Asker: 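Below is one structure. I have some questions about it.
Predicted, not measured: the structure shown is a model, and the values here were computed from it. Here is how names work: the chains are called A, B, and so on, in the same order as the sequence lines, proteins then strands, and each is numbered from 1.
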Amino acid sequence: MRGSEEGRSSRLGKPALVAGATLGFASMLAQLVSLREFVASIGGNELVIGTFLASSLLLTAAGAWIGGLVPRGRGGVLALLVLSIPLAPTQVAAIRLIRAWVFAGTTPSLGAIFCCALLVLLPASLVFGALFSQAAAWSPESSLPGRVYLAETFGAVAGGVLYTLAGLVYLPVFALVCLPAAASAAAAAAISWQRGARGAVVAILSLAAFLVVATYTFGTRHLLLRHAFPGQEIVREIASPYANLVLTRAGSQLNLFANGSPVASSEAARAAEETVHFAMAQRPDARRVLVFEGAASGAVAEILKYPVRAIDDVEIDSAMLELAEAVSGAVQDPRLRVIVDDPRRFSRRHHEPYDVIISAAPDPATTTLNRLFTLEFFTELEEILRPGGVVAFTIEGSENYRGPESRKLNRALAQTLASVFPHTLVLPAGRLVFLGSAEPLHADVFTSLEERGIGTRYVNRAYMGTQVTPQRVARLAAELRQPGPVNRDLEPSLYRLYLARWLAELGGSALWLGVAFLLVGAVAVRNAVVGRGAPVRGAILSSGFASLAMEFCLLLGFQMIRGSLFLQMGILVAAFMLGTAAGAAAALGRAGSGQEIRWLRSLEAASAISAAGTAALFALGFDSILHYVEGTLAFSLLLATFGFLTGAEFPLAVAGLDRAAKGSASKLYAADLIGASVGAATAGVLLVPLLGIVNVCLLVAAVKAASFLWLLAPSPTGAWRARALEPQPISIGLTSFLLLLAAAALVIAPGTEMAVYGLSFSKGYHVLILSVLFLGLSLTLELRPASWDGRARLAWLSVFRRAVVSRPAQHLAVAIFSLPTYYPLLHCYFQVPYLFCHVCPRVCVFGYLRPFWVPAAFLMNLGSYSWCLRLCPIGALLESRAGKQALARWPRRLSHGIRLGVLAFVCYAYFAMPAGAANESPLSTDLYSVLFKNAYSVSSIVLAVTAGLLVLNRWVPKSFCNLLCPVGASCDLAHALLNRIPASKPRPAGTQLRRDGRF
Amino acid sequence: MGAFEESISRRLFVRRAIVGAGSALVGFKVLDDFFLHPGRSGFSIGFRNDAPVALWRWCREADYYEREGKLVRCLLCPHLCILGENDRGFCRTRVVKGGRLHTIAYGNPCSIHLDPIEKKPLFHFLPTMPILSLATAGCNLRCLNCQNWEISQKRPEDTENADLMPEQLVALTRARGIGAIAYTYSEPIVFYEYVADSAALARASHIRNVLVTAGYISEEPLRALLCSVDAVTLDLKAFSRRIYRKLSQGRLDPVLKAAKIIREEGVWLELSNLLVTGVSDDMGDVSRLCHWIAREVGADVPFHFLRFHPDYRLRTLPPTPVATLEEARRRALEAGLKFVYVGNVPNHEAENTYCPRDGRLLIERRGYLVVRNNLVGGRCPCGEEIPGVWV
């Protein structure tokens with residue numbers, strides 16, 4: 001009886017749905033908690049958040065792809081569920097340990113941030129991605145992937161809602177991460193129970209119970225936090241809805257950290273004094289003062305030194321208030337009124353005028369903080385300011401010199417302030433103090449304070465008298481006089497400038513990160529889209545992108561108009577996810593009707609129209625509409641609409657594609673995630689700051705319109721496009737050729753030469769090259785688990801082959817090796833490139849890596865010529881252009897003679913050069929003097945020979961390889977020698993190594 | 001065994017053995033060159049091919065370098081950069097052009113201000129005297145807590161600079177009636193030639209010269225420079241080799257040697273030490289440092305413990321607790337140092353100078369202002385001579 005029930009349940013895919021729901025719940029919670037921890041470890045901004053989210057989504061897509069390659073099996077779902085039990089707690093623990101032991105109090109470089117994000121996310125993302133693919137393939141029923149997707153979406157909704165509720169009740173982080181572990185364990189136990197494996201149930205539940213107890217115990221005792229705050233004792237940790245707050249004690253000093261950055265210390269009042277006294281000195285008789293986020297910084301206590309009648313302190317985070325009292329002391333004064341609200345929301349709702357408004361908000365590092373520095377916000381403040389009142393805020397400054405990035409940032413801020421207030425003043429204290437008013441302002445602050453007898457430790461003539469001088473003020477004013485962009489709600493330019501300054505501080509460039517994402521993204525997008533049913537996958541990919549970009553735009557728009565209170569934001573996100581779930585549920589009813597592609601087209605068109613409509617709403621001004629509709633409701637409806645439109649596409653796409661060929665769910669899911677990762681990586685960092693919200697909505701509309709048009713293709717689920725786009729060898733050659741042209745343009749052009757040179761010497765790039773070389777060597781050694789057999793072996797080979805020796809991998813390898821390969825052709829100290837790096841006065845990247853690279857290439861060729869055939873950009877370039885019949889016509893003996901001659905010359909030159917290098921006489925006629933150009937420049941001879949070889953390749957197959965390449969020649973010699981060794985046992989035919997490099 | 005088992009032929013065995021051994025060798029070389037001895041090639045320090053296309057007017061051939069074949073070795077600081085044509089040194093201010101090493105930080109300061117001398121900090125050198133302070137871009141250290149990273153971690157071409165050749169600098173200082181010039185903010189060692197020429201001219205005009213430095217310089221150029229320098233503030237950063245390297249990417253020993261040389265040359269010296277919370281605030285190290293100063297440099301050298309504020313790459317650490325600074329001061333006094341101060345804590349009693357014999361308050365300071373000076377001819381009223389340059 002039980003057996004038949006099990007069979008029916010399995011056929012219907014109930015366990016798969018349980019797994020899907022668990023996956024959604026666990027992955028959503030793990031991602032949200034980990035993102036928050038990661039941001040807290042580094043001091044996050046949009047770049048950090050974008051990097052983290054994009055990495056997470058890309059890795060999950062990779063997991064889904066791998067999960068789709070592995071043969072279908074129900075054991076796979078169970079195994080992945082069990083594997084996922086410890087993932088969330090270990091992920092959070094890993095982030096904290098990285099902060100403590102790797103970062104150790106320092107701000108890490110961009111490379112370190114990226115690598116740590118990848119490292120931390122890898123296990124969980126791969127497991128969760130693979131779990132979806134395996135669950136979707138639980139049974140051959142065609143509607144199952146769509147139902148698993150729906151279950152996953154409902155799970156994610158539950159995870160998101162729980163996260164919001166946990167934030168409201170300050171649930172500790174380590175309690176929160178126990179929930180995904182418990183959910184995975186429960187699902188795994190339920191499936192095991194259904195399969196009758198009682199022992200497994202006991203084992204799984206015991207493991208989960210142990211993990212939960214250990215996690216909760218260790219986590220709540222701050223064991224992992226202690227190392228992250230060196231030299232300090234952890235007093236308290238609160239996971240407030242807005243930030244991870246930690247109170248520490250160092251000696252007699254209490255320190256308050258928000259998301260890992262110190263915001264207040266009991267013995268450091270400098271920031272509070274600067275925030276308050278420069279403003280109050282302008283209007284020392286102020287009666288009513290408004291201060292934003294003044295409790296933690298101690299600003300309220302400073303304001304109370306003046307004879308004010310009322311202070312309104314608006315705090316967004318009540319938990320911060322609680323801890324701030326511990327640091328700065330509780331202020332008990334009848335004049336003080338504390339209001340927990342969002343500053344934007346408060347300023348819009350409040351109408352009683354103030355004499356002075358002081359913002360103690362942190363610097364505009366994120367879009368959320370940027371809202372407090374925009375033209376619209378200053379206009380709102382101006383409306384609640386008494387005539388002649390003063391608005392003041394501060395941002396980080398530099399006492400002795402401000403670099404170009406800081407100047408641009410300051411200019412934008414000054415310009416924005418000056419757009420609202422006729423009189424502005426910027427003072428160079430420790431932080432830059434910005435003041436705006438309708439009436440004149442003065443810089444003689446110290447006299448004003450002395451006359452009033454206001455006692456201060458830092459803001460006084462003795463300490464700052466030589467810092468805030470008329471000369472320094474005038475110099476700063478001159479710096480700010482040049483025009484800068486105005487920071488607006490819909491065109492937030494300030495946080496982009498802040499990001500640029502942050503990157504300048506790190507001393508690195510985001511260029512390589514952009515290039516890395518571009519490369520991986522291009523390969524991922526190509527992989528996701530090309531093939532059977534390309535237009536359908538393209539639609540899903542664009543939906544992933546559109547959903548992230550529109551969600552970001554709408555949430556940002558809401559924050560600007562209605563504030564960013566946590567509960568409201570939680571409602572909005574929940575609305576979006578519920579919309580997605582509703583869309584998926586509605587679409588399931590249409591799946592199998594045979595009209596899926598028609599429905600898909602309709603959804604695409606509706607998405608494009610909705611995005612364009614949202615752009616129009618933003619452009620026309622939401623304000624006028626919100627007079628009639630409550631803000632949260634209006635935005636919730638919009639977000640739910642986008643959720644519905646994007647959520648409905650997946651089940652329809654799966655059903656539509658599965659009609660043509662089974663097993664499309666994993667690739668579709670990967671396409672969805674890849675699109676989302678592109679959205680996550682670009683929306684916050686690039687698109688919104690560069691284009692503005694309206695234009696981003698229009699861009700989304702254009703993308704959806706394009707994917708709609710593609711879906712109008714005659715056979716959107718067919719394979720005709722796949723054949724057209726299937727890469728042939730010529731495509732690899734073309735890639736190599738285009739990269740040669742790009743390298744030539746970038747290396748020779750004076751504007752980009754330095755950047756490319758710098759990029760070629762970045763450590764990450766070298767590590768990447770060396771990693772690929774070692775991967776190649778392991779291939780040559782045929783390192784794979786020989787003891788595996790059966791399905792595991794098949795799965796391993798399938799994954800390994802696709803990941804390493806597939807066409808996309810070859811494209812990627814050619815792209816990776818192109819720069820160092822082509823660099824000597826473009827810039828070399830010698831007339832003959834590649835050969836004399838060992839005596840080069842300043843080696844390029846090829847010469848730098850040559851001692852490792854050339855031996856590795858030689859060794860790889862000893863196996864199956866895998867360097868020449870798979871990795872070498874020159875080989876790829878010439879292989880694709882080689883005339884097939886030319887080989888027979890070419891006199892082989894002459895070819896061999898030339899190759900041996902070149903090899904002999906290389907050997908001679910290698911040993912002859914050091915003697916020549918010692919001879920400094922420019923008139924000598926030794927080999928060094930003849931070949932040494934003494935200029936790091938392009939050689940017309942080298943370019944001419946390169947062009948000649950390319951032309952010659954039409955008649956001489958692989959002209960360079962067969963005539964001049966010393967690596968190929970030496971390998972041929974080695975092979976000839978090896979072939980003289982008698983083969984004692986012939987290899988089985990099926991495993992013969994072939995020159996084409998395939999197993 | 002499964003169906004995929006392969007029988008290994010003799011030829012295949014030899015091939016695999018060669019590839020395996022070769023891979024192991026390449027792996028070892030990668031490990032050795034990239035991780036165990038990353039600096040062996042000599043190219044690990046400096047910026048390749050980063051020199052400006054043409055030299056500008058704010059340059060001069062460097063004083064301390066030697067040629068090694070086609071390469072140039074800079075001898076100014078302990079980094080001893082090996083540079084090829086068009087390369088730039090680790091300090092960002094020295095480039096190779098035409099086989100010669102040039103400084104491109106000469107007469108082009110990016111930051112010029114008038115500061116109180118107490119801000120350097122110099123408490124025993126002409127109190128209350130305003131001092132013209134300037135810096136060019138560049139630095140030969142990479143301090144994680146650098147307050148002036150927008151100067152120190154930039155190339156001279158990337159900053160907005162004044163045109164102030166040594167003659168003009170000295171003329172400006174004289175015209176404004178300023179008695180001293182401080183080479184400060186970034187690291188004066190990296191604009192060595194500019195400092196040397198300016199200091200020589202300034203001394204001829206009876207203007208004092210002050211170096212505010214980390215002391216990361218070779219012996220020969222340091223001794224040569226000290227001939228025209230009147231006072232030095234030397235920042236010791238840490239007394240643990242590991243911490244020093246971590247904080248600044250430099251080595252501690254040359255700095256300690258520089259402190260002794262400055263003292264030997266008879267130039268007025270004050271030492272400072274920034275106590276970074278959780279990094280360089282180990283009291284054992286502080287005690288050892290203080291004993292070393294008392295033993296090797298002199299117990300009468302003024303020593304400033306400075307409070308750290310989060311900045312640059314150390315933004316996640318809190319400010320130094322005042323109690324930590326006070327404890328460090330207590331240990332320094334225990335070690336025998338006579339003049340120990342606490343900096344960056346306005347109105348702290350340890351900002352003042354006290355007589356080491358009777359504890360009398362001699363110079364009372366508030367912030368960077370001197371409120372009261374009870375010294376009489378450089379002596380305490382009790383007769384104890386207070387070391388320093390007072391007139």
Asker: Give, as side chain, backbone, both or neither, the part of A/Ser406 having an atom under 4.5 angstrom from any heavy atom of chain B.
Answerer: both

Asker: Is a side-chain N or O of B/Thr159 found less than 3.5 angstrom from the main chain of B/Pro156, in a donor-acceptor match?
Answerer: yes

Asker: Which answer fits B/Arg365, side chain, backbone, both or neither, if we ask what part of it has an atom under 4.5 Å from a heavy atom of chain A?
Answerer: neither

Asker: Which of these passes salt bridge (charged side-chain N to carboxylate O under 4.0 Å, His left out) with B/Asp50: B/Lys97, B/Arg155, B/Arg92?
Answerer: B/Arg155

Asker: Under 4.5 Å from any heavy atom of chain B, what part of A/Leu849 do you find: side chain, backbone, both or neither?
Answerer: side chain

Asker: Out of B/Ile18, B/Val19, B/Val345, which one racks up the most heavy-atom pairs below 4.5 Å with chain A?
Answerer: B/Val19

Asker: Select one option (side chain, backbone, both, neither) describing which atoms of A/Arg99 are under 4.5 Å from chain B's heavy atoms.
Answerer: side chain

Asker: Got a donor-acceptor contact below 3.5 angstrom from the B/Asp115 side chain to the B/Ser133 backbone?
Answerer: no

Asker: Could you tell me whether B/Tyr185 and A/Tyr401 have their ring centroids closer than 6.0 angstrom?
Answerer: no

Asker: Based on non-hydrogen pairs under 4.5 Å, which of B/Ser111, B/Pro346, B/Ala137, B/Gly367 is most in contact with chain A?
Answerer: B/Pro346

Asker: Counting heavy-atom pairs closer than 4.5 Å to chain B, which one of A/Arg501, A/Arg461, A/Arg270, A/Met860 comes out on top?
Answerer: A/Arg501

Asker: State whether a side-chain donor-acceptor pair under 3.5 Å links B/Asp281 with B/Thr324.
Answerer: no

Asker: I'd like to know if the side chain of B/Thr277 reaches the main chain of B/Pro318, judged simply by a donor and an acceptor atom lying under 3.5 Å from each other, with no hydrogens or angles considered.
Answerer: yes

Asker: Heavy-atom cut-off 4.5 Å, strictly under: side chain, backbone, both or neither for B/Ile112 against chain A?
Answerer: backbone

Asker: What part of A/Arg249 is in contact with chain B, defined as an atom under 4.5 angstrom from a non-hydrogen atom: side chain, backbone, both or neither?
Answerer: neither

Asker: Counting only heavy atoms not in B/Glu160, do more than 12 fall under 6.0 Å of its CD?
Answerer: no

Asker: With a 4.5 angstrom heavy-atom cut-off, could you sort out which part of A/Leu862 is near chain B: side chain, backbone, both or neither?
Answerer: both

Asker: Sort A/Phe858 into side chain, backbone, both or neither according to what part of it lies under 4.5 angstrom from a heavy atom of chain B.
Answerer: neither

Asker: Does any heavy atom of chain B fall under 4.5 Å from the side chain of A/Gln471, the backbone, both, or neither of them?
Answerer: neither

Asker: Can you tell me which of B/Ser23, B/Ala323, B/Gly22 forms the most heavy-atom pairs within a distance under 4.5 Å of chain A?
Answerer: B/Ser23

Asker: Contact part of A/Thr456 toward chain B, heavy-atom cut-off under 4.5 Å: side chain, backbone, both or neither?
Answerer: backbone

Asker: A/Asn400 versus chain B, heavy atoms under 4.5 Å apart: side chain, backbone, both or neither?
Answerer: both

Asker: What heavy-atom pair brings A/Ser398 and B/Gln147 nearest, and what distance separates the two atoms?
Answerer: OG-O, 4.4 Å

Asker: Is the charged tip of B/Arg142 near the ring of B/Tyr312: under 6.0 Å from the six-membered ring centre and within 45° of its axis?
Answerer: no

Asker: Checking A/Ser265 against chain B: side chain, backbone, both or neither under 4.5 Å from a heavy atom?
Answerer: side chain

Asker: What residue in A/His975, A/Arg407, A/His766, A/Glu405 has the most heavy-atom pairs under 4.5 Å with chain B?
Answerer: A/Arg407

Asker: Without hydrogens or angle criteria, can the side chains of B/Lys154 and B/Ser186 be said to hold a donor-acceptor pair below 3.5 Å?
Answerer: no

Asker: Between A/Gly403, A/Pro404, A/Gly465, which has the largest tally of heavy atom pairs under 4.5 Å with chain B?
Answerer: A/Gly403

Asker: If only side-chain N and O atoms count, and only distance matters, is there a donor-acceptor pair under 3.5 Å linking B/Asp311 with B/Asn145?
Answerer: no

